[in-house]
Amino acid sequence: MSEPVRVRFPPSPTGHLHVGGARTALFNWLFARHHRGVYVLRIEDTDGSRSTEEYTRSLIEALRWLGLEWDEGPPTPGYRQTERFEIYRAHAERLLAEGRAFRCRCTPETLEGLRKTAEARKETFRYPGTCRDAHVPASEPHALRLKIPREGETVVADVVRGRVVFSHAELDDWILVRTDGTPTYNFCVVVDDVTMKITHVIRGNDHLSNTPKQVLCYQALGYPLPVFAHIPMILAADKTRLSKRHGATSVLAFREMGILPEAMLNYLARLGWSHGDQEIFSREELIRHFDLEHVGAADAVFDLEKFKWVNHQWIKTLPAARVAADLVPFLARAGLPAPRDLDWLACVVETLKERARTFVEMAEQAAFYLRPPAAYDPAATAKFWKEGAPERYAILIKRLEAQEAMDPPGLEALYRFLAADLGLKLVDLAQLTRIAITGKTASPPIFDVVSILGKAETLARLKAAAAAVGAGR
RNA sequence: GGCCCCAUCGUCUAGAGGCCUAGGACACGGCCCUCUCAAGGCUGAAACACGGGUUCGAAUCCCGUUGGGGCCA
């Protein structure tokens with residue numbers, strides 16, 4: 001048996017969890033669960049100026065909503081970079097003592113000047129190695145740089161991209177610790193991954209370019225390399241990086257939109273990963289089938305239409321009671337009266353689940369169940385409130401008053417009999433009823449609706465409609 | 001700008017040299033079903049970026065071009 005799998009998701013609390021981050025978290029989580037390994041959550045909050053507690057809470061809330069629970073991480077101490085400065089310092093000192101790093105006194109201003117000069121000559125600026133062998137004393141202000149071999153190359157063995165070669169000539173003696181004593185991002189990541197014994201680094205492709213620098217750092221530290229897997233990025237429809245201007249991109253925003261966590265995981269998993277022709281995956285199926293070998297190399301465009309379709313599949317699949325429970329807050333937000341109870345709402349959901357792709361849509365469609373129509377659609381009344389309508393309403397009211405059971409088959413039989421009797425088509429009577437009850441010409445099957453609404457409410461709405469037709473509206 | 005990555009229908013993808021007359025899904029069109037709207041079924045249109053190789057044979061391998069993305073500042 002090989003060593004246990006340990007993966008991590010290291011978000012920076014500088015914003016809400018967006019779909020790209022969520023997918024990275026998901027792939028790591030799936031990989032860990034598939035291999036019965038450990039999934040670590042680490043908060044990369046070294047950028048003190050932009051990191052906030054609020055975003056940390058938001059990140060955690062989003063991950064919990066998705067059900068991507070971590071085996072190690074907050075609130076256990078030691079999983080936030082700000083709590084780990086001592087560890088970075090110790091590693092930096094060791095690198096210095098072993099001659100793998102050196103002190104550099106070049107100021108940012110000096111370097112900037114050099115960079116400008118190089119740019120003017122249309123050359124690429126690279127740290128010239130000024131202090132490499134200068135033995136700058138600790139008493140002077142200094143940054144700490146990693147000593148990179150001048151010759152040769154570093155090969156990053158990546159599971160999704162194969163061997164990626166970087167020439168050392170392209171690499172700088174990069175800064176480990178800044179003059180102000182703060183460790184840099186790349187250094188923290190390596191030290192964290194090494195001390196947390198991460199075996200597989202699964203992250204966005206935007207980190208591939210940083211990888212050779214990190215590999216050199218692992219080697220300088222004398223630690224074994226993890227397996228790297230750089231997964232494709234998620235782009236907007238215009239093939240640029242997803243950002244606020246492309247609309248909703250944060251996980252919590254999709255929750256507000258009425259997306260199910262099951263659908264979010266399902267859709268995100270299918271962005272860059274596939275399992276034959278299968279489109280719908282439960283959490284368990286994802287765990288069972290997920291593997292890095294089937295992760296593609298090309299970036300993927302986020303498509304809200306398909307995402308909503310996946311969500312719709314889940315709305316149709318999940319038990320109506322569960323959907324009803326999730327729908328409740330959206331009803332309130334739509335300004336609708338509270339439903340009488342959850343069982344009744346589950347019946348409502350049963351008639352709406354084929355028609356609504358999100359909870360926001362479903363709440364909108366559920367409106368007529370919770371209150372009578374405020375107005376009748378003019379196009380609908382123009383079409384159906386013609387000659388004979390008042391009489392037909394009168395007959396419907398009379399026959400419904402005499403009807404005892406409000407079951408859909410019984411109602412349908414009654415309507416069919418009535419239509420035949422009056423020499424009409426079923427659709428004529430059905431639409432008159434639909435308009436009276438919903439104010440529109442489109443709704444779930446009308447007999448189901450009547451059955452759910454009940455006799456009293458149905459008759460009240462029929463009478464209101466009859467009055468409106470009579471009033472010549 | 002330098003370096004790196006990527007490239008199959010509009011989009012997500014299957015495809016790991018002959019199984020490809022390139023399959024599935026979303027979206028789009030048509031038909032069916034039907035009390036409306038949906039859902040569902042059937043069906044249509046829709047892609048291997050381009051150019052060179054390698055090979056008996058290339059969407060699949062190699063090189064280049066173009067395009068997109070990323071990292072570094």
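All values below come from the heavy atoms of this structure, side chains included, with hydrogens, waters and symmetry mates left out.
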- Message: Go nucleotide by nucleotide along RNA chain B from the 5' end; which of A:Arg115 and A:Gln313 gets its closest nucleotide reached first?
- Response: A:Gln313

- Item | For B:C19, the Watson-Crick or wobble counterpart (both distances under 3.5 Å) | none

- Message: What's the gap between B:A58 and B:U43 when it is taken at their C1' atoms, as a whole Å value?
- Response: 32 Å

- Message: Among residues 419-429 of chain A, which ones have heavy-atom contacts with RNA chain B below 4.0 Å?
- Response: A:Leu426, A:Val427

- What nucleic acid atoms does A:Arg434 come within less than 4.0 Å of, heavy atoms only: base, sugar-phosphate, or nothing? base

- Query: Using the benzene-type ring in the case of Trp, are the ring centres of A:Trp385 and A:Tyr376 under 6.0 Å apart?
  - Reply: yes

- Query: Under 6.0 Å from the CZ atom of A:Arg288, do we count more than 12 heavy atoms belonging to anything else shown?
  - Reply: yes

- Toward the 5' end of RNA chain B, by each residue's nearest nucleotide, A:Asp303 or A:Met233: A:Asp303

- Query: What is the pairing partner of B:A39, taking Watson-Crick or G-U wobble pairs with both distances under 3.5 Å in any strand?
  - Reply: none

- With sequence neighbours left out, the residues meeting salt bridge (charged side-chain N to carboxylate O under 4.0 Å, His left out) with A:Glu256 are A:Arg333

- With both distances kept under 3.5 Å, what pairs with B:G1, Watson-Crick or G-U wobble? B:C72

- Look at all strands and tell whether A:Ile446 reaches a base, only sugar-phosphate, or nothing, counting heavy atoms closer than 4.0 Å. base

- Remember a base hit wins even if backbone is also touched, and classify A:Gly272 as base, sugar-phosphate or nothing at under 4.0 Å, heavy atoms. sugar-phosphate

- Item | Watson-Crick/G-U partner (both atom distances under 3.5 Å) of B:G64 | B:C50

- Query: Looking at A:Thr46, A:Thr14, A:Ile43, which one forms a side chain to side chain contact (heavy atoms under 4.5 Å, CB included) with A:Ser51?
  - Reply: A:Thr14

- Message: As a test of understanding, state which of A:Leu411, A:Leu459, A:Leu462 forms a side chain to side chain contact (heavy atoms under 4.5 Å, CB included) with A:Val450.
- Response: A:Leu411

- Message: Partner lookup for B:A45, please. Criteria are Watson-Crick or G-U wobble with both distances under 3.5 angstrom; report none if nothing qualifies.
- Response: none

- Message: Within the 4.0 Å heavy-atom criterion, would you say A:Phe166 contacts the bases, only the backbone, or no part of the nucleic acid?
- Response: sugar-phosphate

- Message: Strictly by Watson-Crick or wobble contacts shorter than 3.5 Å, is anything paired with B:A25, and which nucleotide is it?
- Response: B:U11

- Item | Atom C1', compared across B:U66 and B:G23: separation rounded to whole Å | 29 Å

- Pick the P atom in B:A47 and in B:A22, then give their distance to the nearest Å. 10 Å

- Message: Considering every strand and a 4.0 Å limit on heavy-atom distances, what is the contact class for A:His312: base, sugar-phosphate, or nothing?
- Response: sugar-phosphate

- Item | Any donor-acceptor N/O pair, A:Asp45 side chain to A:Gln81 backbone, under 3.5 Å | yes

- Task: Could you tell me which residues satisfy salt bridge (charged side-chain N to carboxylate O under 4.0 Å, His left out) with A:Glu305, sequence neighbours excluded, listed by chain and number?
- Result: A:Arg357

- Would you please name every residue forming a salt bridge (charged side-chain N to carboxylate O under 4.0 Å, His left out) with A:Asp173, sequence neighbours left out? A:Arg132

- Task: In whole angstrom, give me the gap between the P atoms of B:C56 and B:G2.
- Result: 39 Å

- Item | Base-pairing mate for B:U55 - Watson-Crick or G-U, with both contacts under 3.5 Å | none

- Task: Mind checking A:Glu279 for me? I need base, sugar-phosphate or nothing, with any heavy atom below 4.0 Å counting as a touch.
- Result: base

- Reckon A:Ser274 touches a base, only the sugar-phosphate, or nothing at all at heavy-atom distances under 4.0 Å? sugar-phosphate

- Item | Span that lies between the C1' atom of B:G17 and that of B:A59, in whole angstrom | 10 Å

- Message: Students should find this one: the first and last nucleotides of RNA chain B, 5' to 3', lying under 4.0 Å from a heavy atom of chain A. What are they?
- Response: B:G2 to B:A73

- For the ring pair A:Phe281 and A:Trp273, is the centre-to-centre distance below 6.0 Å? yes

- Touch check for A:Thr240, heavy atoms < 4.0 angstrom, all strands: base, sugar-phosphate only, or nothing? sugar-phosphate

- Would A:His230 and A:Arg203 count as having a side-chain donor-acceptor pair, cut-off 3.5 Å? yes

- Sugar-phosphate only, base, or nothing, as touched by A:Pro232 at under 4.0 Å among non-hydrogen atoms: nothing

- Rounded to whole angstrom, note down the C1' distance from B:G64 over to B:U54. 15 Å

- Message: When the P atoms of B:G40 and B:A27 are compared, how many Å lie between them, rounded to an integer?
- Response: 9 Å

- Inter- and intrachain pairs under side-chain hydrogen bond (donor to acceptor under 3.5 Å, both in side chains), touching residues 442-454 of chain A, at least two apart: A:Arg434-A:Ser443

